[in-house]
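Let me begin by presenting the structure, written as C-alpha cells, before commenting on it.
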Protein chains: 2
Amino acid sequence: MQPNQIDVHDTADERLRRDGQRYTANRRALVDAMASADRPVTVVELIDVATGMPQSSAYRNLSVLEDAGVVRRLVTADDTARFELAEDLTGHHHHHLICEACGTITDIDVPTDLEDGVATFAASIAMSHGFRIEHHRLDLIGVCPACSTAAS
Amino acid sequence: MQPNQIDVHDTADERLRRDGQRYTANRRALVDAMASADRPVTVVELIDVATGMPQSSAYRNLSVLEDAGVVRRLVTADDTARFELAEDLTGHHHHHLICEACGTITDIDVPTDLEDGVATFAASIAMSHGFRIEHHRLDLIGVCPACSTAAS
DNA sequence: TTTACTGCAAAGGGTTTGCAACATG
DNA sequence: CATGTTGCAAACCCTTTGCAGTAAA
C-alpha cells in the first residue's frame, strides 16, 4: 500500500535534483526523522533527533524540501511550525486531530464518503469563486486525553 | 437569522464582565471593525480602521476578547494571525477559503449534509481517541482569482 | 572550478510584557 | 480609591539571512 523507505529517499533525491539541489546528509536526516514520526513534528523535535544540526540548517533545508514538494509545513494555533512528509511521498492522505492545550497534532484517517463530500464541495467552490483549489484541510480541534487529565 | 449589531456589543460586554473586564472604547472599536469585515482580519487591518490604537493595545485587547470567547484567532500559512468574531456571536457557522499566495481568507458556507458528515466523523474520533473535540475546521486552500491573474 | 551547502552569528518581524500614568466602577 | 486599562519602549521567540568557509558535481 505504502511506498517503502527507499522510495521516499529516491523520490526526495529526484525532486531536489529537479530544482538543482542536492540530497545531502542533513536533508536525508530530516526526511528520516519525519518518516519515522507518525505525526507532524516541530523543528526542535527534528533537531533533537538529528543531533548536532544547527537550527539555521534545519530551517533552511526544510524550506528547500518544502519548495521541492518533499515536505509540507503546517501552522496551527500555537506559533510553531510543524513539518510532515508530503502526502504523495507517503501515499497516505490524512487529516489532523489537534490538541489546543499542548499543540500536539495526531494524524487521522477520514472515511471515503466524507472525503468525497469534501471534494465535491471544493469543486463547487472553485467554480463559484474562480479559485484554483490546491488542497483542503479538515482539522478536529480539542483537548487530548493527556491534557484533559493534567487540567483536572 | 443573525443577531444584530447591538446584540453583538451587548454579548461582548456581558462576556467581558463575566471575566472581570471592561468593555472599553478600544475593545468596542475592535469588535466594530471585525463585525463590519466579511472575513478574518489581521491586526494591521484592525489598527488601520481603529485609527491611533497602538499595536500593543490591539494585541492585548484581542487576547482579552479571545479569552472571553468574543473573538477567535486564526493562524494559517503566513505567520500573521487573523481575527474574527466568535461564531456564536454572529450566529453564522462558516468555513474558510484561503489564498496561499496573498494569505487572504474568505468566509464560505458549507452544505448541511457535509456539515453533518463532519459532525458524525468528529464524534467517532472523539470516542476512539478519548479526545474532547471543541470544534472543527474545514479549509479550502488554493490561489484566488486576483493572485492567479497577477502571476500570469 | 563552479555551484551548492554548511554553520555561526546577527538581524527580522510578529507578538508579548514591564512599568508608570490614566480611567472607570 | 481599588482595580482594570492604556501606551510607550523594550524584550521575546521563532525564523530568516549575510558571510566566509567547505564539499560536491
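Numbered from 1 within each chain, the chains take letters A, B, ... in sequence-line order.
- When rounded to the nearest whole Å, the span between CG of A/L16 and P of D/dA24 equals 16 Å.
- The CG-P distance, from B/N61 to C/dT16, rounds to 12 Å in whole Å.
- Between B/R17 and B/V43, it is B/V43 whose nearest contact on DNA chain C lies nearer the 5' terminus.
- For C/dC5, the OP1/OP2 oxygens have a side-chain nitrogen or oxygen of A/Q21 closer than 4.0 Å.
- Both A/Y59 and A/V71 are assigned to one and the same hydrophobic cluster, defined by single-linkage of ILVMFWY side chains at heavy-atom distances under 4.5 Å.
- Distance alone, capped at 3.5 Å, is enough to place a donor-acceptor pair between the A/R27 side chain and the A/R22 backbone.
- We find that CG of A/L65 is positioned 10 Å from P of C/dC5, with the value rounded to whole Å.
- Checked against C/dA4, D/dT6, C/dA23, the side chain of B/R22 finds its nearest nucleotide in C/dA23.
- In summary, the side chains of B/E115 and B/H95 do present a donor paired with an acceptor at a separation below 3.5 Å, with no hydrogens or angles considered.
- Using a 4.0 Å heavy-atom distance criterion, A/T24 is classed as a sugar-phosphate-only contact.
- Side-chain atoms of B/R73 stay outside donor-acceptor range of the base of C/dT15, with no qualifying N/O pair under 3.5 Å.
- Atom CZ of B/F83 is separated from atom C1' of C/dT15 by 9 Å (rounded to the nearest Å).
- Here the nucleotide nearest the side chain of A/N26, chosen from C/dT6, C/dG25, C/dT15, is C/dT6.
- Side-chain nitrogen and oxygen atoms of A/S57 include at least one within less than 4.0 Å of the OP1 or OP2 phosphate oxygen of C/dG7.
- Closest approach of B/V143 to B/C99, counting heavy atoms only: CA-SG, 4.0 Å.
- Taking 3.5 Å as the limit, the base of C/dG7 and the side chain of A/R60 contain a donor-acceptor pair of atoms between them.
- Side-chain atoms of B/Y59 lie closest to C/dT15 of the nucleotides C/dT15, D/dT15, C/dA9.
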